[in-house]
Amino acid sequence: MTFSTVLQSALSEKRIVSLHFNPDNQSTFSVGYIVYFDAEWILLESIDTDGADEGYELRDHESLFRVDARGKYEDKIELLSKQYKPGQRELIISHETMGDMPVMEYLFQESKKNNRIIVVWTDDEYDSIIGYVTSYGESVVAIQEVDDYGNRDAEIYLKIESVRSLDIDSKKCRMLEFLHGVK
């Protein structure tokens, strides 16, 4: 058995899983439905502890060290998530919508095309880059950073290979999009 087998089962059965990426802090993990995975990345439709939509998380497959499936916690989150109306999500990402495009490129494209804020983490797990993708190429992504009030900050140019994880359409992203739009 491999993680890929477990992830494929969760994807096929549309079951919630908990994914653990930090063996030094096993109380932090991501919960939700697998949307896509390959040898490099896992894309999760994330759900928070109350069962609410938490956007999408792209995580480094290599960092995955534990998967919880069919547990009491996952069952509880699935039950809670059913209290929310289907179709509340504005941004819909699926394997079908991505086609043959690499997942990271697809998420950059969606951010740019739909003017959506993303959160990008590099090797520094305590600091992230939050903003709008303004352009991207083979090796560099340009992000118009926004601060915690939705105001424009620096324009950041980041090597794509340094990206370790990425969130799009999370509660924090939607809040900053709202604040930025109010300005």
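This structure is a prediction, so every number in the text was calculated from the model and none was measured. Because only heavy atoms are used, hydrogens play no part in the values below, and waters and symmetry mates are left out as well, while side chains stay in.
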Checking [X] now: which residues fulfil salt bridge (Lys or Arg N to Asp or Glu O under 4.0 Å) with it, not counting sequence neighbours?
X      : answer
Lys171 : Asp48
Arg59  : Glu57, Asp167
Asp24  : none
Lys14  : none

Notebook entry, point to check: Between Thr122 and Asp124, is any side-chain donor less than 3.5 angstrom from a side-chain acceptor?
Noted result: no

Applying side-chain hydrogen bond (donor to acceptor under 3.5 Å, both in side chains), can you list everything that pairs with [X], at least two apart in sequence or on another chain?
X      : answer
Asp148 : none
Ser18  : Glu74
Ser4   : none
Asp50  : none

Check: Are Leu107 and Ile93 side-chain neighbours, meaning at least one heavy-atom pair lies under 4.5 Å?
Finding: yes

Checklist line | Side-chain heavy atoms of Arg116 within contact of Glu110, under 4.5 Å | finding: no

Would you please name every residue forming a ring pair (Phe, Tyr, Trp, His ring centres under 6.0 Å) with [X], sequence neighbours left out?
X     : answer
Tyr33 : none
Tyr36 : His95
Tyr73 : Phe29

Note to self: Around atom CD of Glu62, are there more than 12 heavy atoms from other residues, nucleotides or ligands closer than 6.0 Å?
What the structure shows: no

Check: Of all residues at least two apart in sequence or in a different chain, which pass the side chain to side chain contact (heavy atoms under 4.5 Å, CB included) check with Gln8?
Finding: Leu11, Ser12, Phe37

